[in-house]
Amino acid sequence: MFEAEKQKFLTMPAQEKRKFYKGNVTTLDQIPTLQDYFNENKARLIDKDNKVKKVEEIAKKVSIWSGDITSLEIDAIVNAANSSLLGGGGVDGAIHRSAGANLKRECATLKGCKVGEAKITGGYMLPAKYVIHTVGPQGSGKDKLTACYRNSLALAKENGLRSIAFPCISTGIYGYPQGPAAETAMTTVKEFLEKHGDTMDRVIFCTFLKTDRDLYEELATMYLSNS
């Protein structure tokens with residue numbers, strides 16, 4: 001039943017699809033990149049010797065953004081799912097509500113998802129074309145959290161998707177400490193872009209809490225170099 005609906009929404013023109021989303025849609029050109037962020041915060045480009053640091057080229061491909069991930073009109077948004085993939089609380093519930101019942105129908109055919117793995121479905125009534133579902137570790141587990149980001153990016157690459165947005169995986173009710181989680185996310189994405197940057201136009205870190213945004217902005221200095 002969901003297959004026809006999935007294809008209908010995947011081939012639907014953006015203007016028509018927007019009618020199904022009940023809130024405001026956010027397009028990629030509305031979201032500044034890290035390069036834009038550094039340009040607005042010149043002081044971050046000065047090192048201890050008063051030399052201007054260079055903004056790495058891949059900073060053009062990364063954004064730190066505060067907003068509703070379900071509003072993003074991009075290729076894929078990532079769902080911090082539970083192992084059943086059948087919906088839950090937080091961002092998981094919000095994505096399922098916005099996508100509509102066919103998302104759950106498709107997820108039911110995937111037979112769940114293990115911690116660290118990632119699986120892909122259509123986005124249905126979401127502005128995003130696809131949803132990539134990944135299950136984060138509870139409390140701790142850097143290797144598994146790294147796998148969430150790495151496998152989600154690999155799945156996007158395999159499907160020819162050039163823009164992707166991540167929530168803060170595992171930091172909500174799963175209790176993963178915010179700082180280490182942000183560092184894992186930023187490091188894993190940077191490593192991916194260094195190897196496969198030509199396959200991706202934008203990776204968005206979607207933060208809900210100010211504390212998360214502050215952490216990501218502090219870690220953004222890894223996209224600066226002295227050369």
Side-chain angles (χ1 to χ4, degrees), residues 23-80 90-91 94 127-128 132 134 136 142 145-146 148-150 152-153 156-157 161-172 176-227:
N24 294 322
V25 170
T26 306
T27 58
L28 200 57
D29 59 3
Q30 293 175 300
I31 301 175
T33 66
L34 280 186
Q35 186 180 61
D36 298 323
Y37 172 74
F38 287 132
N39 288 340
E40 293 173 5
N41 296 269
K42 300 286 188 182
R44 286 180 175 269
L45 305 183
I46 308 297
D47 65 15
K48 60 183 176 59
D49 297 318
N50 206 35
K51 295 179 180 178
V52 177
K53 294 182 178 181
K54 180 182 178 181
V55 180
E56 295 185 5
E57 186 68 16
I58 57 174
K60 296 178 181 178
K61 296 178 178 286
V62 180
S63 297
I64 299 168
W65 181 74
S66 297
D68 180 0
I69 198 170
T70 69
S71 76
L72 293 174
E73 190 177 77
I74 59 175
D75 287 344
I77 60 173
V78 175
N79 179 21
V91 69
I132 293 176
T134 190
K142 181 179 178 181
L145 186 59
T146 298
C148 288
Y149 287 93
R150 188 174 290 154
S152 295
L153 289 163
K157 178 176 175 287
L161 309 183
R162 300 194 63 89
S163 53
I164 185 171
F166 287 97
C168 299
I169 298 169
S170 283
T171 61
Y176 203 107
Q178 290 170 283
E183 184 174 5
T184 295
M186 290 284 275
T187 301
T188 306
V189 165
K190 187 171 189 288
E191 290 172 352
F192 174 85
L193 291 175
E194 287 171 342
K195 294 178 182 177
H196 310 290
D198 59 330
T199 68
M200 189 68 60
D201 294 328
R202 191 79 64 87
V203 179
I204 302 166
F205 294 108
C206 185
T207 61
F208 180 73
L209 300 174
K210 184 180 183 301
T211 49
D212 283 319
R213 185 180 180 96
D214 290 345
L215 286 165
Y216 277 88
E217 288 182 350
E218 188 63 33
L219 288 163
T221 55
M222 72 172 65
Y223 288 86
L224 294 174
S225 65
N226 290 317
S227 58

Self-check item: Contacts of type side chain to side chain contact (heavy atoms under 4.5 Å, CB included), residue Q30, not counting sequence neighbours
Solution: T26, T27
Quiz item: What residues, two or more places apart in sequence or in another chain, satisfy side chain to side chain contact (heavy atoms under 4.5 Å, CB included) together with F208?
Solution: none
Kindly give the heavy-atom pair with the smallest separation between [X] and [Y], and that separation in Å.
X	Y	value
A156	M200	CB-CE, 4.1 Å
A59	T33	O-CB, 3.7 Å
G136	I169	CA-CG2, 3.9 Å
P32	S63	O-OG, 2.7 Å
G67	C206	O-SG, 3.2 Å

Tell me every residue that passes side chain to side chain donor-acceptor pair (under 3.5 Å) with [X], counting only those two or more places apart in sequence or in another chain.
X	answer
D214	K210
E194	K190
D68	Y21, T70
R213	S66, E217

State the [atom1]-[atom2] distance between [X] and [Y], to the nearest 0.5 angstrom.
X	Y	atom1	atom2	value
S225	E57	OG	CD	11.0 Å
Y223	K61	OH	NZ	11.5 Å
I58	H196	CD1	NE2	12.0 Å
C148	I132	SG	CD1	12.0 Å

Contacts table for residues 177-188: side-chain donor-acceptor under 3.5 angstrom, sequence neighbours left out:
{"unit_1": "Q178", "atom_1": "NE2", "unit_2": "T211", "atom_2": "OG1", "d": "3.0"}
{"unit_1": "Q178", "atom_1": "NE2", "unit_2": "D212", "atom_2": "OD1", "d": "3.0"}
{"unit_1": "T184", "atom_1": "OG1", "unit_2": "P180", "atom_2": "O", "d": "3.0"}
{"unit_1": "T187", "atom_1": "OG1", "unit_2": "E183", "atom_2": "O", "d": "2.7"}
{"unit_1": "T188", "atom_1": "OG1", "unit_2": "T184", "atom_2": "O", "d": "2.7"}

Self-check item: Sequence-distant partners of Y149, ring-ring contact (aromatic ring centres under 6.0 Å, His included), two or more places apart
Solution: F166
Quiz item: Excluding sequence neighbours, so at least two apart, what forms ring-ring contact (aromatic ring centres under 6.0 Å, His included) with F205?
Solution: Y216
Within-4.5 Å side-chain heavy-atom neighbours: [X] and [Y]:
X	Y	answer
S71	N24	no
V203	L153	yes
L72	P127	no

Quiz item: Do any pairs count as a salt bridge (charged side-chain N to carboxylate O under 4.0 Å, His left out) and have a residue in residues 195-207, sequence neighbours left out, and if so which ones?
Solution: R162-D201
Self-check item: Derivation of the side chain to side chain contact (heavy atoms under 4.5 Å, CB included) call for I164 and I74
Solution: CA-CA 7 Å; I164 185 171; I74 59 175; 5.5 Å; no
Self-check item: K157 side chain to T199 backbone, donor-acceptor under 3.5 Å
Solution: no
Exercise. Indicate yes or no for a side-chain donor-acceptor contact from S163 to the backbone of D75 under 3.5 Å, with no hydrogens or angles considered.
Key: yes
Practice problem: Could you go through the side chain to side chain contact (heavy atoms under 4.5 Å, CB included) check for I69 and I204 one step at a time? | Solution: CA-CA 10 Å; I69 198 170; I204 302 166; over 6 Å; no
Exercise. In sequence, state the C-alpha distance, the side-chain angles, and the governing distance for L224 and F38, and then conclude on side chain to side chain contact (heavy atoms under 4.5 Å, CB included).
Key: CA-CA 9 Å; L224 294 174; F38 287 132; 3.8 Å; yes
